[in-house]
Amino acid sequence: MPPIVEIRDVSQYAGQEVVIQGWLYNLRESGKLLFPLVRDGTGIIQGVVVKAAVAPEVFEAVRHLTQESSLRVTGRVRAEKRAPGGYELEVTAAEVIQRVPPERPYPITPKEHGIEFLMDHRHLWLRSMRQRAILGVRHEIIKAARDFLDSQGFTLVDTPILTPAACEGTTTLFEVNYFGDKAYLTQSGQLYNEAAAMAVGKTYCFGPTFRAEKSKTRRHLTEFWMVEPEVAFAHLDDICALAEQLVSFVVERVLAKRREELKTLERDLSKLENCRPPFPRIRYDEAVNRLQQKGSEIRWGNDFGGTDETILSEQFDRPVLVTHYPGSVKAFYMAPDRERPELALCVDMLAPEGYGEIIGGGERLADFELLARRIEEHQLPRQAFEWYLDLRRYGSVPHAGFGMGIERVVAWVCGLEHVRETIPFPRMLYRLTP
RNA sequence: UCCUCAGUAGCUCAAUGGUAGAGCAUCCGGCUGUUAACCGGAGGGUUCCAGGUUCGAGUCCUGGCUGAGGAGCCA
């Protein structure tokens with residue numbers, strides 16, 4: 001029995017007989033020759049079936065295969081210039097595991113399709129070359145982010161997904177019935193991260209977050225993944241440096257290990273190769289000036305709109321860090337600047353090519369009195385924040401952190417139009433299935 | 001929530017208010033090197049839904065549904 005081989009490894013088996021297990025991607029035929037294209041999740045290979053060289057039932061079985069039928073083929077691997085991929089399988093035997101019924105053929109043909117149709121068939125769309133490439137890059141980005149933080153002495157501390165009360169203010173949360181009480185799906189692990197940082201020094205959480213905002217744009221999902229580092233004794237400068245190192249590490253890793261996938265996605269690699277530190281840093285004041293010069297109607301004191309982020313990020317050839325926003329547009333727990341208390345010690349990182357915000361964070365309020373006052377000002381339920389205030393009662397220290405949105409990073413690295421392709425099963429305003 | 005656009009075969013689309021069509025997919029046939037193969041043939045329709053105008057509506061009007069793009073919203 002020949003060895004079962006993954007398609008990505010076939011070059012090591014040239015001249016040998018192997019078994020490939022996979023799905024039929026396409027079938028071309030020319031008289032007494034069949035060219036089944038078989039994919040197995042690791043790659044794609046062209047088989048060639050010569051009528052005179054195989055049993056009649058093998059030839060007939062392959063000839064009547066339909067797209068995405070599952071099969072096991074046996075054959076000899078051969079270098080072949082005419083075959084896509086450079087290697088070909090001279091088929092000697094084929095076993096059909098399940099034939100897709102012709103009365104109900106595989107819906108995603110190798111032709112054009114509309115986005116609604118593709119989204120409705122997301123469970124099948126994932127099989128396409130392009131989607132597989134995106135999944136590969138996503139995996140690499142997640143692994144790189146974790147490898148980087150692990151190598152820097154961070155401890156992964158998981159934060160809860162079910163949270164009591166509105167733990168970050170009044171913004172829209174998904175409510176769930178928790179044994180008769182109200183609970184909410186988390187929109188950030190950050191508050192819990194602060195507790196963890198006081199326990200282990202450097203921590204991060206990595207998990208799904210949920211926002212019930214009715215945002216209908218190319219950069220919003222209602223369920224998305226964030227990696228959120230938090231560091232005790234860190235100031236704004238420290239986490240700006242951390243963010244810069246993290247992002248450049250991630251991009252470098254993807255460039256090193258996922259070139260094939262980026263090629264499939266037709267990504268302009270030079271754009272990614274630019275992304276070496278140092279990244280430019282500008283303050284909110286300067287950002288507003290730049291935007292106004294470009295004709296934006298933004299006024300000092302307002303947050304950037306999606307268009308503003310795009311304009312700003314298009315002005316740089318690598319990610320840009322924007323710091324010192326007005327405190328009024330940022331969350332209650334942001335530390336104020338000492339010299340200009342109306343500014344928050346915060347940072348957003350905007351990805352280039354118009355991709356916009358991929359990181360948001362800053363230095364946290366460490367002072368008990370000030371934090372308690374902010375909670376009151378924001379009309380948050382004090383009771384629910386007593387544990388959070390405890391962090392300022394018992395050995396409070398300066399600390400800072402940020403969150404990096406995985407899907408936005410994937411969209412940028414892959415050069416995608418919309419974040420809906422960056423996550424296997426996107427959850428959006430009007431999309432909960434499949 | 002608002003604005004704009006769209007909805008016709010399984011898919012992508014065409015059809016001046018006058019006989020609903022093409023390519024792909026499926027099935028049958030042809031081709032010994034195909035490259036989203038090609039060539040020939042066949043089957044396949046509640047034109048999103050409900051009303052209305054008209055001799056006649058896929059096409060025009062009203063309402064609704066669904067989706068897309070954008071805005072708002074969005075540490």
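Because the structure is a prediction, the values reported are computed rather than measured. Below, chains carry the letters A, B, ... as their sequence lines are ordered, and counting in each starts from 1.
When both pairing distances are held under 3.5 Å, B/C38 makes a Watson-Crick or G-U pair with B/G30. Checking B/C55 for Watson-Crick or G-U wobble geometry (two distances, each under 3.5 Å) identifies B/G18 as its partner.
Within the 4.0 angstrom heavy-atom criterion, no nucleotide atom of any strand lies near A/Gly403. Note on A/Phe35: a base of the nucleic acid sits closer than 4.0 angstrom, heavy atoms only. Within the nucleic acid shown, A/Lys51 has no heavy atom closer than 4.0 Å to any nucleic acid atom. Contacts of A/Glu112 with the nucleic acid, taken as non-hydrogen atoms under 4.0 Å apart, include base atoms. Residue A/Glu68 is out of contact with every strand shown, counting any heavy-atom pair closer than 4.0 Å. Looking at heavy-atom distances under 4.0 Å, A/Met129 makes no contact with the nucleic acid at all.
Side-chain N/O atoms of A/Glu116 and base N/O atoms of B/U66 include no donor-acceptor pair closer than 3.5 Å. Residue side chain A/Tyr325 does not reach the base of B/A75 through any donor-acceptor N/O pair under 3.5 Å, judged by distance alone. In terms of polar N and O atoms assigned as donor or acceptor, the side chain of A/His113 never comes within less than 3.5 Å of the base of B/C11 in a complementary pairing.
A salt bridge (Lys or Arg N to Asp or Glu O under 4.0 Å) with A/Glu68 holds for exactly one of A/Arg104, A/Arg127, A/Arg99; it is A/Arg127.
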How would you summarise protein contacts on nucleotides 41-47 of chain B per nucleotide, using B for base, S for sugar-phosphate only and - for none, with heavy-atom distances below 4.0 Å? -------

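Residues forming a ring-ring contact (aromatic ring centres under 6.0 Å, His included) with A/Phe117 (at least two apart in sequence, or on another chain): A/His113, A/His121.
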Tell me which donor-acceptor pairs under 3.5 Å the side chains of residues 22-35 of chain A have, and how far apart each pair is, sequence neighbours excluded?
none

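Which of B/C11, B/U1, B/G69 sits closest to the side chain of A/Arg420 comes down to B/G69. The side chain of A/Arg211 lies closest to B/A75, out of B/A75, B/C73, B/A68.
Between A/Trp225 and A/Phe206, the ring-plane angle classifies as tilted under the 30° and 60° cut-offs. Using cut-offs of 30° and 60° on the angle between ring planes, the pair A/Tyr388 and A/Phe332 is perpendicular.
Across residues 339-354 of chain A, not one residue has a non-hydrogen atom less than 4.0 Å from an atom of RNA chain B.
A pairwise comparison of heavy atoms in A/Gly415 and A/Arg267 identifies N-NE, 3.4 Å as the closest pair.
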Using a cut-off of under 3.5 Å, enumerate the N/O to N/O pairs linking the protein to nucleotides 7-9 of chain B.
none

Protein-nucleotides 25-31 of chain B N/O pairs closer than 3.5 Å?
unit_1, atom_1, unit_2, atom_2, d
B/U26, O2', A/Pro102, O, 3.3
B/C31, N3, A/Gly31, N, 3.1
B/C31, N4, A/Glu29, OE1, 3.4
B/C31, N4, A/Gly31, N, 3.4

